[in-house]
Amino acid sequence: MNVKKQLKEGLVTQNPVLVQLLGMCSTMAITTVLFNGLGMGLSVLAILTCSNIVISLLRKVIPNKIRIACYIVVIATFVTIVDLMMQAYLPSLAENLGVFIPLIVVNCIILGRAEAFASKQSVGASALDGIFQGLGYTWVLLVLCVVREFLGNGTFGGGIISADGIRIIPEGFPALGLALPVGGFLVLGVLIAVTQWAMNRPKKTDTEEVSK
Amino acid sequence: MEMFTTLFSIALGAILVNNFIFAQFLGICPFMGVSKKVDTAMGMGVAVIFVMGVASVFTWLVNEFLLVPFHLEFMQTIAFILVIAALVQFIEMFLQKSVPALYSALGIYLPLITTNCAVLGVALLNIQNGYNFIESLVYGVTGGIGFLVAIVLFASVRERLEFSDCPKSFEGFPIALITAGLLALCFMGFSGLKVVW
């Protein structure tokens, strides 16, 4: 088991949103205030880890031909659990995220990891993969939330620090468009462009090490 | 007349004002994935209209006659995704057997549609909005039409994007997202559109 490599893959080199380009719908739809991003990120993290563990445990039992249907049932079960728990304990968050919580079932990240990783690897490795990929998804959501909330509403930490967050830009000045659907596309596009730029930069440290 | 007005405003909302892609962020994965060429985008759009219409009908029936009478509403997510998966599989087999021409046109897109969040989304929204049978059907089909409009517009822009000069870091996916953002901005122009009789 290579914990360090998995961590790096989940957070950066194989980041589910920025590099694998999976799970776009929820990423853009709910990242308007920090609280939503955190809630969504942690829900996906929990569901991804649980479903990875169960699918990895069952990987020798599930027949190859109907594997996708089996994965979907496992995932849908965990999504329902999270959905009901959230409605019971965090009703305001459940209301904000709305239809996107049940839609985690069809989030390509979870099915993608089940197919590409959990169905082939041991339970421990799959659990770690779930946690790291979930963290990779969460940090991207948080970055998007912070940027869109700051530029779109002029606040920071909405829902967590206080109901409306701390106001940084005075009212009337923020570009409201960035909090609307348009902003989701634009901010994510720029973020992915930054990632591509950072990854394609010639790596000085690597070549130096090689020359040594 | 009353009913016609309601249906018309649902249709208008689903196609333009609350477009599934640009206003609700449902079905972005196929929208980004299958929009490199107008032909394929058209095929995907038609397949989505078909599946969304049929899925709305079946999930509404399942909800009304199975889940509600037995107080199993909490099973909605699981039941709907299974219905959709089975339905897509069934449509695929049916088309392959009886309408091979249509199958060869739509075949490759059908399996992808199971994991299209617009389909599960429309099923859940039908229930959430309290639509009746006809309204659900109309919402499903027109939601699909909205998807078709969005993906065909986007694909035709993207075809030209291939030949344009753009910064290296923005090549491929990022510039496509920016383009989609600008299209979403255009669709915002429709907001506030209302049917007054």
Side-chain angles (χ1 to χ4, degrees), chain A residues 18-19 21-31 66 68-69 71-84 87 98-112 177-178 180-201, chain B residues 18-33 74-82 84-86 89 111-125 127-128 166-188 191:
Chain A
L18 296 179
V19 181
L21 308 171
L22 298 174
M24 291 287 149
C25 305
S26 52
T27 308
M28 287 188 277
I30 53 93
T31 50
I66 53 160
I68 301 288
Y71 299 162
I72 287 182
V73 175
V74 171
I75 296 166
T77 312
F78 286 114
V79 170
T80 308
I81 294 172
V82 168
D83 189 15
L84 294 178
Q87 279 175 21
V99 78
F100 285 96
I101 287 291
L103 283 181
I104 296 177
V105 179
V106 283
N107 190 320
C108 341
I109 296 176
I110 298 178
L111 200 59
L178 283 174
L180 296 174
V182 187
F185 285 110
L186 295 183
V187 176
L188 186 62
V190 172
L191 195 60
I192 293 176
V194 170
T195 323
Q196 287 193 355
W197 172 78
M199 282 194 161
N200 293 333
R201 232 175 5 172
Chain B
N18 283 316
N19 187 289
F20 268 76
I21 301 280
F22 293 129
Q24 306 196 45
F25 286 120
L26 293 171
I28 301 284
C29 296
F31 175 70
M32 288 313 221
F74 64 90
M75 293 282 281
Q76 254 174 22
T77 316
I78 301 183
F80 285 3
I81 189 71
L82 284 178
I84 291 169
Q89 194 71 47
L112 291 175
I113 291 178
T114 314
T115 51
N116 183 341
C117 31
V119 180
L120 185 59
V122 83
L124 292 166
L125 286 172
I127 309 300
Q128 240 174 48
C166 86
K168 196 150 184 8
S169 327
F170 274 92
E171 262 169 28
F173 210 76
I175 195 71
L177 274 173
I178 305 279
T179 314
L182 294 178
L183 275 175
L185 194 64
C186 303
F187 268 72
M188 266 172 66
S191 61

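All values below were derived from every heavy atom in this structure, side-chain atoms included, with hydrogens, water molecules and symmetry-related copies excluded. The structure presented is a predicted model; accordingly, all values stated were derived computationally and were not measured.
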Which bit of [X] is near chain B, if near means a heavy-atom gap under 4.5 Å: side chain, backbone, both or neither?
{"X": "A:Leu188", "answer": "both"}
{"X": "A:Ile75", "answer": "neither"}
{"X": "A:Ser26", "answer": "neither"}
{"X": "A:Leu21", "answer": "side chain"}

Quick check on [X] against chain A: is it the side chain, the backbone, both or neither that has a heavy atom closer than 4.5 Å?
{"X": "B:Gln76", "answer": "neither"}
{"X": "B:Ala85", "answer": "neither"}
{"X": "B:Ile178", "answer": "both"}
{"X": "B:Gln24", "answer": "backbone"}
{"X": "B:Met75", "answer": "neither"}

Assert yes or no for the condition that the ring centre distance of B:Phe31 to B:Phe25 is strictly below 6.0 Å. no
A:Thr31: which residues meet the side chain to side chain donor-acceptor pair (under 3.5 Å) condition with it, sequence neighbours left out? A:Arg148
Flag the one option from A:Gly23, A:Cys25, A:Gly183 with the top tally of heavy-atom pairs under 4.5 Å to chain B. A:Cys25
Under a 4.5 Å cut-off applied to non-hydrogen side-chain atoms, are B:Leu177 and A:Leu186 in contact?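 The answer is no; the side chains never approach within 4.5 Å.
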Only one of A:Val73, A:Val79, A:Asp83, A:Leu111 clears side-chain contact (heavy atoms from CB on, under 4.5 Å) with A:Val105; which? A:Val79
B:Ile78, B:Val119, B:Leu125: which one forms the most heavy-atom pairs within less than 4.5 Å of chain A? B:Ile78
